[in-house]
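What follows is a set of notes on a single structure, which appears directly below.
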Amino acid sequence: MLLKLLLSRTTYLDLLLENPDVLKQLVRLCERSEWIAQEIKRFPLLLDELLTPLYLGQQNTDIVTSKAEYEQELRETMLRVEQDDVEMLMDTWRQFKLCQQLRIAASDISDSLPINNVSDKLTALAEVIMHSVVNAAWTQMQTRYGIPRHIQESPETDVTENRKGFAVIGYGKLGGYELGYGSDLDLVFLHNAPRGSTTDGKKSIESQQFYIKLAQRIMHLLNTKTLFGQLYETDLRLRPSGNAGLLSCHIDGFEKYQKEEAWTWEHQALVRARAICGDQDLIQDFNRVRNTILRQPRDKQQLAEDVCKMRIKMREHLLSNNTDKVDLKQCVGGITDIEFMAQYWVLAHSHDAEALTVYPDNLRIFDAVTTSGLVDEKTAHKLQKAYLALREQYHHLTLADTKYADQTEELEDIRAKVTTYYNTLFSHCAT
């Protein structure tokens, strides 16, 4: 199918014939990854990336370095785009993401990036793009309505960058630094506008309504399908009251909901939540609320029952009945079992061990669990190793454009070990 595309586009065919190294790179990548082949077929512009194959081999850098590199490159790219040209903005973000993902996938396939660095890069990429999208959405809303009056402007403060009274919270894989190639973004939008506040534009509206419209605009910029596809698929169901709740929630309402109405599974989700971008004062308020909720004392037996019941419910609704293949996320002894163990330890013990609340990612949670004396170092290391192995397989399945893994002795061994740990922790309710 890719060959047919190339034969119909003589420009790309000439490019490949004139650059044998590019052709070799293309064959190697498509041979190793059906996902890459499909992406290039859908977006031929990615062939331009192959003109500099050395650039595809990324260094094993940490998430901070990766984020700084993406910020600089995206900033330079966006300088060529008129900020009021919304269509061009959306296309530019999408092209940037597609090209960066190809570079990451090429390094992944060449085994120059370990799995945790692959996720770090994909997460850093999403954060940088999200920041740019939020700023663009803010500018568009400000043009129409002005800005909420409760935001105190000063000559030293750049409102667009720092003072919005608004924050984006990432949950799930985004919050836990564990994004994959096809991951959606679990988001919650928060604001701190006081009741009765309005915007200062010619067309003035209530500040709460402004933030709802801002959230809607962000969603539009992320979800709209253009010639270059969708930027990110998003999920807002983790906001207070789920789909029935406001798109953008006041921080006080968020805190009240978490204290008085949230279910155990929503507190589990909060374990993997962190601020992605926004007003620093609001981010500090969110961090305080998260810490308070996670550290509240809980009946450990009741907590274990709640966690087990939710795990069983998820398996019943999400696990495929395919007996020949393995769903690495939902299967017994799979990725979610490990995540639920980490979440249980945080909720059950952070009242006495605050270090458990510091990080939202599972690998560092297991380090904290060890430091806090809840699990011996050997067991924690084995769980981390199993988690990384399962996630690596899951990434490779995505690159192969398939959902389910083959049954292998290695996979059975990993799942058996995880199941043993899970059943030991939840001995009275594990199935």
Side-chain angles (χ1 to χ4, degrees), residues 126-127 129-142 145 147-152 157 159-176 184-199 205-223 232 234-263 266-295 357 360:
E127 288 185 33
I129 292 174
M130 176 60 70
H131 192 179
S132 181
V133 168
V134 169
N135 284 341
W138 177 271
T139 299
Q140 292 166 27
M141 291 298 99
Q142 181 179 357
Y145 305 109
I147 64 172
R149 296 179 191 276
H150 75 285
I151 298 174
Q152 298 300 315
T157 301
V159 174
T160 300
E161 293 294 333
N162 302 315
R163 299 286 293 279
K164 296 184 177 70
F166 180 79
V168 179
I169 310 302
Y171 278 70
K173 291 181 180 179
L174 175 61
D184 60 3
L185 304 184
D186 292 309
L187 303 173
V188 169
F189 301 122
L190 299 177
H191 70 85
N192 60 7
R195 189 183 299 274
S197 172
T198 60
T199 62
I205 60 175
E206 290 187 359
S207 295
Q208 177 175 299
Q209 192 66 21
F210 174 90
Y211 287 116
I212 291 173
K213 288 181 178 294
L214 175 62
Q216 290 172 334
R217 193 61 184 167
I218 292 169
M219 295 293 287
H220 173 76
L221 296 175
L222 292 171
N223 292 333
Y232 284 102
T234 56
D235 190 340
L236 303 186
R237 289 177 294 180
L238 287 171
R239 68 186 188 273
S241 301
N243 288 334
L246 295 174
L247 282 182
S248 186
C249 177
H250 194 286
I251 183 65
D252 292 345
F254 178 82
E255 181 173 16
K256 185 175 187 297
Y257 180 85
Q258 292 291 339
K259 286 181 176 179
E260 300 177 8
E261 300 180 49
W263 297 78
E266 291 176 286
H267 288 172
Q268 286 180 246
L270 197 60
V271 171
R272 285 160 59 81
R274 64 186 176 89
I276 302 302
C277 61
D279 190 307
Q280 287 303 310
D281 290 340
L282 186 53
I283 288 174
Q284 289 180 8
D285 285 339
F286 166 76
N287 290 337
R288 172 187 55 78
V289 172
R290 177 180 178 272
N291 183 272
T292 299
I293 297 301
L294 295 185
R295 294 198 66 203
T357 69

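Residue numbers count from 1 along this sequence. Heavy atoms only: backbone and side chains are in, while hydrogens, waters and symmetry mates are out.
Checked by atom type and distance alone, the side chain of Arg290 never pairs as donor or acceptor with a backbone atom of Arg274 at under 3.5 Å. Between the side chain of His267 and the backbone N or O of Leu294 there is no donor-acceptor pair closer than 3.5 Å. A donor-acceptor contact shorter than 3.5 Å is absent between the side chain of His131 and the backbone of Ile276. Panel note: side chain Arg239, backbone Gly245; a donor-acceptor pair is recorded below 3.5 Å.
Distance check: Thr234 OG1 to Leu221 CG gives 11.0 Å after rounding to the nearest 0.5 Å. Taking CD1 from Ile169 and CZ from Phe286, the interatomic distance works out to 4.5 Å, rounded to the nearest 0.5 Å. The CG atom of Leu214 lies 9.5 Å from the CD atom of Gln140; values are rounded to the nearest 0.5 Å. In this structure, the separation between CG on Asn243 and CG on Asp235 is 8.0 Å, given to the nearest 0.5 Å. Rounded to the nearest 0.5 angstrom, Asp285 CG and Asp279 CG are separated by 9.0 Å. To the nearest 0.5 angstrom, Ile147 atom CD1 is 11.5 Å from Thr198 atom OG1.
Closest non-hydrogen pair, Ile218 versus Ala137, comes out as CG1-CB, 3.6 Å. Considering every non-hydrogen atom in both Pro240 and Phe254, the closest pair reads CG-CD1, 3.7 Å. Contact detail for Ile283 and Gly278: the closest heavy-atom pair is CD1-O, 3.6 Å. The minimum heavy-atom distance linking Ala167 with Leu282 is given by the pair N-CD2, 3.5 Å.
Using a 4.5 Å heavy-atom cutoff, the side chains of Tyr232 and Ile129 are in contact. Counting heavy atoms from C-beta on, the side chains of His150 and Asn192 come closer than 4.5 Å. Looking at Asp186 and Leu174, their side chains never come closer than 4.5 Å, going by heavy atoms from C-beta outward. Glu266 is not listed as a side-chain neighbour of Glu261, based on a closest heavy-atom distance of 4.5 Å or more. Counting heavy atoms from C-beta outward, Phe189 and Val168 have side chains that approach closer than 4.5 Å. Between His250 and Gln208, the closest side-chain pair of non-hydrogen atoms is not below 4.5 Å. The shortest side-chain heavy-atom distance between Met130 and Leu185 falls under the 4.5 Å cut-off. The closest side-chain heavy-atom distance from Gln216 to Met219 is not below 4.5 Å.
Using the six-membered ring where Trp is involved, Phe166 and Tyr211 have ring planes that are parallel, under 30° apart on the 30 and 60° scheme. Between Phe210 and Trp138, the two ring planes are perpendicular [angle over 60°; tilted spans 30° to 60°].
With 3.5 Å as the limit, one finds no donor-acceptor pair spanning the side chains of Arg149 and Ser207.
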Begin with the C-alpha distance, continue with both residues' side-chain angles, and end with the deciding distance and a verdict on side chain to side chain contact (heavy atoms under 4.5 Å, CB included) for Ile205 and Lys213.
-> CA-CA 10 Å; Ile205 60 175; Lys213 288 181 178 294; 3.9 Å; yes
Check the pair Tyr145 / Gln209 against side chain to side chain contact (heavy atoms under 4.5 Å, CB included), numbers first and verdict last.
-> CA-CA 10 Å; Tyr145 305 109; Gln209 192 66 21; over 6 Å; no
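Open room surrounds CZ on Arg237; 12 or fewer heavy atoms of other groups in view lie less than 6.0 Å from it.
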